[in-house]
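So that the names make sense, note that chain A is the first sequence line, chain B the second, and so on, each numbered from 1.
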Protein chains: 2
Amino acid sequence: MKIGELSRRTGVSVRMLRYYEGEGLLAPLRTNSGYRDYGTAEEETVRRIKMLGGAGMTLETIKRLLPCVRNNDPAFTPCNELRKILTQQVGLIDERIETLSESRTILAGFLASVN
Amino acid sequence: MKIGELSRRTGVSVRMLRYYEGEGLLAPLRTNSGYRDYGTAEEETVRRIKMLGGAGMTLETIKRLLPCVRNNDPAFTPCNELRKILTQQVGLIDERIETLSESRTILAGFLASVN
DNA sequence: CTTGACCCTCACAGCGCTGTCAGACCTTAC
DNA sequence: GTAAGGTCTGACAGCGCTGTGAGGGTCAAG
């Protein structure tokens, strides 16, 4: 399928689909005239990228994760990197939450002192 | 005092001090030769900017907040905007934490499914 | 064969900082 | 007077996306 259709199906903008490719996350075939030609597998890949991105992952990180994901369908293939990356990501998120919580405390303190 | 000294005293880089000025958060005097000349009040302002920034605020937001802060010393002067802005900021942080928590849940789910 | 919808590549812009570099002047002290 | 160190302005770069626009092919239907 062409890029417009894939975009409609996945809800990912055409711009972003091309960007994924530039970042090495997708490698669609090309027609003679140069049009990108995506298969069903690519569609699934895009869905996963979207999902992982929605979980706050960088494309760079997703890229590292994709080899563990591309193979079979319903769940993830547990390759060596997988657990490691996921664990790192959770740690990263925890840090961010921690930072935000501290900020929240500070601001809430200010707010309380203004009462 | 000159910018270098202020930088040393506050721990804010020279670059950032100039940036604050460009954003309208500081307005130091100038010597005849064009050097910035900061007073004690400015130093205190920089400390506050740093603190509020550390609490996750945008310079833009801090700028709106400063008029409520500049006047007296130990705490904040409760001007009309103050409560409103602080409340907004706390709300913003809560949203971000919420988003991150959702991401965390998703990733933790993946991680669990890999076990 | 023309029109419209789609596709291509390349590149600029913006978010909110922050570092760094270039080219040039000022100040202090020897 | 010279040298070192501080300051000035201006501008480019990077983070990780994302939209938008220009300029130009492609494909299908009428």
Side-chain angles (χ1 to χ4, degrees), chain A residues 1-39 42 46 48-66 85 88-89 92-93 95-96 99-100 103, chain B residues 1-39 42 46 48-66 85 88-89 92-93 95-96 99-100 103:
Chain A
M1 83 192 84
K2 284 180 289 184
I3 199 170
E5 190 184 345
L6 182 57
S7 173
R8 254 171 272 124
R9 286 181 155 196
T10 59
V12 174
S13 74
V14 167
R15 174 70 176 85
M16 279 299 102
L17 291 175
R18 293 201 262 245
Y19 184 64
Y20 291 170
E21 182 176 351
E23 297 299 299
L25 302 186
L26 289 176
L29 301 173
R30 297 285 184 141
T31 67
N32 291 331
S33 57
Y35 282 22
R36 271 164 264 253
D37 185 19
Y38 298 91
E42 328 263 356
V46 172
R48 282 182 175 139
I49 294 173
K50 194 183 177 186
M51 176 175 52
L52 293 170
M57 278 193 189
T58 289
L59 281 191
E60 181 57 32
T61 303
I62 296 175
K63 184 179 175 184
R64 288 195 296 142
L65 210 48
L66 272 189
I85 297 178
Q88 277 179 352
Q89 289 296 303
L92 201 57
I93 289 178
E95 277 177 29
R96 291 210 252 262
T99 302
L100 284 174
S103 298
Chain B
M1 82 191 83
K2 284 181 288 183
I3 198 168
E5 189 183 345
L6 181 58
S7 173
R8 256 171 270 123
R9 285 181 156 198
T10 59
V12 174
S13 74
V14 168
R15 174 71 176 82
M16 281 297 104
L17 290 174
R18 294 201 262 247
Y19 184 64
Y20 290 171
E21 183 177 350
E23 297 298 300
L25 302 186
L26 288 176
L29 300 174
R30 295 287 183 140
T31 67
N32 291 333
S33 58
Y35 281 23
R36 273 164 263 252
D37 184 20
Y38 299 91
E42 327 263 357
V46 171
R48 282 178 174 144
I49 293 173
K50 195 183 176 186
M51 174 176 54
L52 293 169
M57 279 193 189
T58 289
L59 281 191
E60 181 57 30
T61 303
I62 296 176
K63 184 178 173 183
R64 289 195 295 140
L65 211 48
L66 272 189
I85 297 177
Q88 277 180 350
Q89 289 296 303
L92 201 57
I93 290 177
E95 276 177 29
R96 292 210 252 262
T99 301
L100 285 174
S103 298

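- Between the side chain of A/K50 and the main chain of A/T10, a donor-acceptor pair closer than 3.5 Å is present.
- Distance CD (B/E5) to P (C/dT28): 13 Å, rounded to an integer number of Å.
- Atoms CG (A/L17) and P (C/dC7) sit 10 Å apart, rounded to a whole Å.
- To the nearest 0.5 Å, atoms CG (A/L65) and OG1 (A/T58) are separated by 12.0 Å.
- Spacing between atom CD of B/E21 and atom P of D/dG10 amounts to 12 Å, rounded to whole angstrom units.
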Output a table of nitrogen or oxygen pairs between the protein and nucleotides 25-28 of chain D separated by less than 3.5 Å.
{"unit_1": "D/dG25", "atom_1": "N2", "unit_2": "A/Y35", "atom_2": "OH", "d": "2.8"}
{"unit_1": "D/dT26", "atom_1": "O4'", "unit_2": "A/Y35", "atom_2": "OH", "d": "3.2"}
{"unit_1": "D/dT26", "atom_1": "O3'", "unit_2": "A/S33", "atom_2": "OG", "d": "3.3"}
{"unit_1": "D/dT26", "atom_1": "O2", "unit_2": "A/Y35", "atom_2": "OH", "d": "3.4"}
{"unit_1": "D/dC27", "atom_1": "OP1", "unit_2": "A/S33", "atom_2": "OG", "d": "3.1"}

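- Applying the salt bridge (Lys or Arg N to Asp or Glu O under 4.0 Å) rule to A/R8 yields no partners; only residues at least two apart in sequence or on another chain are considered.
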Check: residues 13-26 of chain A side-chain donor-acceptor pairs under 3.5 Å, at least two apart:
{"unit_1": "A/S13", "atom_1": "OG", "unit_2": "A/M16", "atom_2": "N", "d": "3.1"}
{"unit_1": "A/E21", "atom_1": "OE1", "unit_2": "A/R36", "atom_2": "NH1", "d": "2.7"}
{"unit_1": "A/E21", "atom_1": "OE2", "unit_2": "A/R30", "atom_2": "NH2", "d": "3.1"}

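- Closest heavy-atom contact between B/S103 and A/A55: CB-O, 3.2 Å.
- A pairwise comparison of heavy atoms in A/Y35 and A/K2 identifies CD2-CD, 3.6 Å as the closest pair.
- Looking at B/S7, its side chain never comes within 3.5 Å of a backbone N or O of B/I3 through a donor-acceptor pair.
- Rounding to the nearest 0.5 Å places CD1 of B/I93 at 11.5 Å from CG of B/L100.
- Rounding to the nearest 0.5 Å gives a distance of 9.5 Å between CG of B/L52 and OG1 of B/T61.
- Between A/R18 and C/dT9 there is no side-chain N or O to OP1 or OP2 distance below 4.0 Å.
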Contacts under 3.5 Å, N or O only, protein and nucleotides 12-17 of chain D:
{"unit_1": "D/dC17", "atom_1": "OP2", "unit_2": "A/L59", "atom_2": "N", "d": "2.6"}

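- Between the axis at the start and the axis at the end of the helix from C/dC1-D/dG30 to C/dC30-D/dG1 there is an angle of 30°, using five pairs per end and rounding to 10 degrees.
- One interatomic measurement links the two molecules: CG of A/D37 to C1' of C/dC7, which rounds to 13 Å at whole-angstrom precision.
- Qualifying side-chain contact (heavy atoms from CB on, under 4.5 Å) partners for B/Q88, counting only residues two or more places apart in sequence or in other chains: B/R64, B/K84.
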Should B/L59 and B/I49 be marked as a side chain to side chain contact (heavy atoms under 4.5 Å, CB included) after you check the CA-CA gap, both sets of side-chain angles, and the distance that decides it?
CA-CA 8 Å; B/L59 281 191; B/I49 293 173; 4.0 Å; yes
